[in-house]
Trainee: 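Okay, here's the structure, questions in a sec.
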Amino acid sequence: MKSQDIRANFLEFFKEKSHRIVPSAPMVIKDDPTLMFTNAGMNQFKEFFLGNSIPKETRVVDTQKCLRVSGKHNDLEEVGKDTYHHTMFEMLGNWSFGDYFKEEAIAWAWEFLTEVCKIDKDCLYVTVFEGSTDKDNLAKDEEALELWRKIVAEDKILYGNKKDNFWEMGDQGPCGPCSEIHVDIRPAEEKAKVPGASLVNQDHPQVVEIWNLVFMQYNRRANGDLESLPSKHVDTGMGFERLCMVMQGVQSNYDTDVFTPIIREIETITSAKYAKDEAVDIAIRVIADHIRAVSFSIADGQLPSNTGAGYVIRRILRRAIRYGFTFLDTKEPFMYRLVKVLSDTMGDAFPELRDQRQLIENVVKEEEHSFLKTLDQGLVLLDNIVASNKGKTIDGRKAFELYDTFGFPIDLTALILGERGYELDEKGFEIAMQEQKKRSRSASEVSKEDWVVLDSDNEQEFVGYDMLEASVKLVKYRKVTSKKEGEQFQMVFNLTPFYPEGGGQVGDKGYLELVNGDVVYILDTKRENNEIVHFSKELPATLTDKFKAVVDKKQRQRTAANHTATHLLHQALREVLGEHVEQKGSAVHSKYLRFDFSHFAKLTVDELREVENFVNARISGNLPLVENRNIPMEEALEQGAMALFGEKYGDAVRTIRFGQSVELCGGTHVKNTGDIWHFKIKSEGAVAAGIRRIEAITSDAVKDFYSENNKMLFEIKDLLNNTADPVKSVTALQEENSLLKKQVEALLKEKAKNLKGELLQELTEVNGIQFLAKQLSLDAAGIKDIAFEMGNNKDNLFLLFAAENDGKALLSCYISKELVAQKNLNAGTIVRELGKYIQGGGGGQPFFATAGGKNPNGIAEALEKAKGYLG
RNA sequence: GGGGGAUUAGCUCAGCUGGCUAGAGCGCUUGCCUGGCAGGCAAGAGGUCACCGGUUCGACUCCGGUAUUCUCCA
């Protein structure tokens, strides 16, 4: 069975059991500081299990794209070395939110595997939680056991401990026992030798867990106690790639049709052959795996970058490039050519791949290109290190520098050194690495004290769409200390008019007014774990009183103007450039706005003007804000609202409409586009392959901008005697200037020639040496010039020139090189010695040197003494 | 957020511990030669050494700051 059919069958199977098929959440997580990527199917349903929100459907089925790049069993560096680890994978799952429980979950899982997938029952093993004797003192999961006994032979049921069969989300929250289903795909003769039951959960590549059924029935409280949940949930996760391996009768995930088309394409492009040589195989698996992870991330809007999640993506991509470079001899970009095959095979299930294919290819190609360049440069640097190295061991610190500063992979360094018979001092590298980590950690160290809870009211509300002032009560606060900000306080209120940073828009600033009239400034507002946290430098003197919370109105209005302008800009770009324009990032500040979008070429001056005009036409059109705070997602989309790739939306969404521009958005906006006053693009440029960035300003900032420009123009006009046409005047000035320059140059040349002629006349011959010591009225560069000029075509010249500038004395000594060699003279030494008379010092080269001093009165004496060196 | 590196001609880069009147290759312009794929030869133009400040007799070079960019760590 083809993988596409396996996925479709799974979704269809549960749809028939009244499940609603929902799309995969984005793989990249944007507003959870503790998690960068979706790493399990349940991530997007967390809020339902926590009870923070009520799901609209109680039965749901999906396939979730996941990325695991860290953790004990999935270190990035391990992927590719075996046949079953991946960075990116799909998790098939069926979910019950307070609906069915163990009976259905177990029966359906078994039905799907044995009836739909037709997997031989004899190969399947199931595990049941055996209970625990620790302080939780949990009983054996008799309920699950009884259910399994009805359908599975007794000898296929195994018991698992708390580590394997009791699932917890974190320190707190819903948890419960689970049942895993394992499958043994070894050949019959091996099964006969070693019973499969003994290999379950033993990391055997052919006796693997394919499905985990989690039964959430407890809630772990903050004090560590367990309590029964009023409504029980089911959370299941089945590794799609493993299921395909089992169904397609192969021994490796990479031999399923999820990967084989990509592997065939790698073979075609690189002429390498899979399944011949282990090193090559690893490289091919690494590339096949990583191109998936990288492509899906980019489709979700996460581009490779040098920070955060983007940096993880860059590392994954670079790891694949490096394996290709070393083992498949790919010295040119090639991975971007795999994107087509990937989008062909997975584009049906994940349309974002197909829609974003061009962008993914551009970005990957650009990344490959720049990393190959990095490798090239690194190879040269490594050559230098080796060439200047004494002995056979290369200093680990040097290798670290190569890695840290130039991005040259350490394992490649080790490999190349090995080939050349050198050894890498790995300890030195490790030490340098640890130092670097320590530095980073201590710099970003933040110490957070415990929350002080004053009030149990936890249903805080954001009222800032409608008001900028509100009477609030402090619910909890804590002190946070960081190196950068020093001591800060974080406060949570029962309700707040302050907008927390999100959707590209900055958090509100403002102040709290106390009953006695004192004021505490709020410096920033952020959302953390669905709570709105206010930052300040001090705490209010009285904690339990009510405060008047006041948002900085001016900043909020400017920000709102910029946010609305961002929507209009988005619309304008799609109108002017085409429908391929997608928002790729946005930053809305009070002073300016920044908008990143996919587009393949630099915008022309005409296009920029057209975009500006489009936006300004809508501003002068005085379009009113039409806000819909709570409408179903489908309805919003029907109205043509623009949703972003890689953005997670709930079932109910907020839409913001200005004329034809409709977007899903949580930010704050002006009441009418007329409030924006004016929109002005300040710059347009590239941020990555296929991504452009526009920076623009609105309202007051535009006024400031024009008034600044106007002021400058008046100043320029003033300088040009109030000319009517400054451009013409400046052009005329420039022409005149260049003409004068040429004339001056000619004159100076003429003058120098004359001076040179005069000075040559004044030369006297002493001991066969052409000599002159004289004070000139030139600066240091002029003296140098004339001295070198005079020295041309002469091999027995000795010059000492002096000058007085700004009350300081200057001596320059020139001696023909031939003379220097013959008589063993040194202008540097001479100038230093003569420097005494002008109370200064100096130096230079043997044939030309200068000295400076603060006593011009000594010049005469210095010139006088010059003769003394001729003997 | 923290550390390190880079910024020199249109492009790619040299320029060692401060002192050659800032160079090379490619490209460009002009002239001559040449029936063969990156043609050859010769001449020439092209630089605020990223920017600001400091140290020094003297700064592309050293120090501090700013900008841009690369890179590693978080």
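Keep in mind that what you see is a predicted model, and the values were worked out from it rather than measured. What you see below is based on every heavy atom in this structure, not just the backbone, and it leaves out hydrogens, waters and symmetry mates. Each chain gets a letter, A, B and so on, in the order its sequence line appears, and its residues count up from 1.
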Trainee: For the P atoms, the ones on G64(B) and on G3(B), what distance do you get once it is rounded to whole angstrom?
Mentor: 13 Å
Trainee: Does the ring centre of F325(A) sit less than 6.0 Å away from the ring centre of F371(A)?
Mentor: no
Trainee: To the nearest angstrom, how far is R318(A) atom CZ from U71(B) atom P?
Mentor: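 About 4 Å, once rounded to whole Å.
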Trainee: Would you mind reporting whether L67(A) and I313(A) have side-chain heavy atoms less than 4.5 Å apart?
Mentor: yes
Trainee: Could you tabulate the donor-acceptor pairs under 3.5 Å formed by side-chain atoms of residues 807-830 of chain A, not counting sequence neighbours?
Mentor:
unit_1: S816(A); atom_1: OG; unit_2: K794(A); atom_2: O; d: 3.4
unit_1: S816(A); atom_1: OG; unit_2: L797(A); atom_2: N; d: 2.9
unit_1: N826(A); atom_1: OD1; unit_2: G828(A); atom_2: N; d: 2.8
unit_1: N826(A); atom_1: OD1; unit_2: T829(A); atom_2: N; d: 3.4

Trainee: Which one is paired to C20(B), where only Watson-Crick or G-U wobble pairs with both distances under 3.5 angstrom count?
Mentor: none
Trainee: Is G25(B) paired to anything, Watson-Crick or G-U wobble with both distances less than 3.5 Å, and if yes, which nucleotide?
Mentor: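 Because both required distances fall under 3.5 Å, G25(B) counts as paired with C11(B).
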Trainee: For U71(B), does either OP1 or OP2 sit under 4.0 Å from a side-chain N or O belonging to Q377(A)?
Mentor: no
Trainee: Using Watson-Crick or G-U wobble geometry with both distances below 3.5 Å, tell me the partner of U56(B), or none.
Mentor: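 Looking at the geometry, U56(B) pairs with no nucleotide.
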Trainee: Looking only at side-chain N and O atoms, does E864(A) offer a donor or acceptor that is under 3.5 Å from a partner on Y837(A)?
Mentor: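 Note: Y837(A) and E864(A) side chains miss the donor-acceptor criterion.
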Trainee: Measure NZ/K784(A) against C1'/G19(B) and give the value in whole Å, please.
Mentor: 7 Å
Trainee: Provide the distance between the two C1' atoms, one in A59(B) and one in U8(B), to the nearest whole Å.
Mentor: 14 Å
Trainee: For G47(B), which nucleotide is its Watson-Crick or G-U wobble mate, given both distances must be under 3.5 Å?
Mentor: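 Partner of G47(B): none found under 3.5 Å.
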Trainee: Mind checking the C1' distance from G58(B) to G18(B)? Whole angstroms is fine.
Mentor: 8 Å
Trainee: Return no unless some side-chain N or O of R314(A) is found under 4.0 Å from OP1 or OP2 of U71(B).
Mentor: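 For U71(B), OP1/OP2 do have a side-chain N/O of R314(A) under 4.0 Å.
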Trainee: Please give the nucleotide sitting opposite U68(B) as a Watson-Crick or G-U wobble pair, both distances under 3.5 Å, or none.
Mentor: A6(B)
Trainee: Using whole Å, report how far CD of Q845(A) lies from P of A22(B).
Mentor: 11 Å
Trainee: Identify the nucleotide, in any strand shown, that forms a Watson-Crick or G-U wobble pair with G36(B), with both distances under 3.5 Å; if there is none, say none.
Mentor: none
Trainee: Does D404(A) contact G5(B) through a side-chain donor or acceptor facing the base, at a distance under 3.5 Å?
Mentor: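 Checked by distance alone, the answer is no.
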Trainee: Pairing check on U61(B): which nucleotide meets the Watson-Crick or G-U wobble criteria with it, both distances under 3.5 Å?
Mentor: none
Trainee: Can you tell me, in whole Å, how much space there is between the P of G47(B) and that of C33(B)?
Mentor: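 My reading of the P atoms in G47(B) and C33(B) gives 32 Å.
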Trainee: Spell out protein contact along nucleotides 55-68 of chain B as letters: B when the base is contacted, S when just the sugar-phosphate is, - when no protein heavy atom is under 4.0 Å; keep the 5' to 3' order.
Mentor: --B-----------
Trainee: Distance between the P atoms of G4(B) and A9(B), in whole angstroms?
Mentor: 26 Å
Trainee: In whole Å, what separates the C1' atom of U29(B) from that of U48(B)?
Mentor: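 Comparing C1' positions in U29(B) and U48(B) gives a spacing of 24 Å.
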Trainee: Please tell me if Q436(A) has a side-chain N or O lying less than 4.0 Å from either OP1 or OP2 of C72(B).
Mentor: no
Trainee: Please tabulate, for side-chain N and O atoms in residues 393-400 of chain A, each donor-acceptor pair with protein atoms closer than 3.5 Å (sequence neighbours left out).
Mentor:
unit_1: D395(A); atom_1: OD1; unit_2: R397(A); atom_2: N; d: 3.0
unit_1: R397(A); atom_1: NH2; unit_2: E435(A); atom_2: OE2; d: 3.3

Trainee: What pair of heavy atoms forms the shortest contact from Q555(A) to D508(A), and how long is it?
Mentor: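 Closest pair (atom of Q555(A), atom of D508(A), distance): NE2-CA, 4.4 Å.
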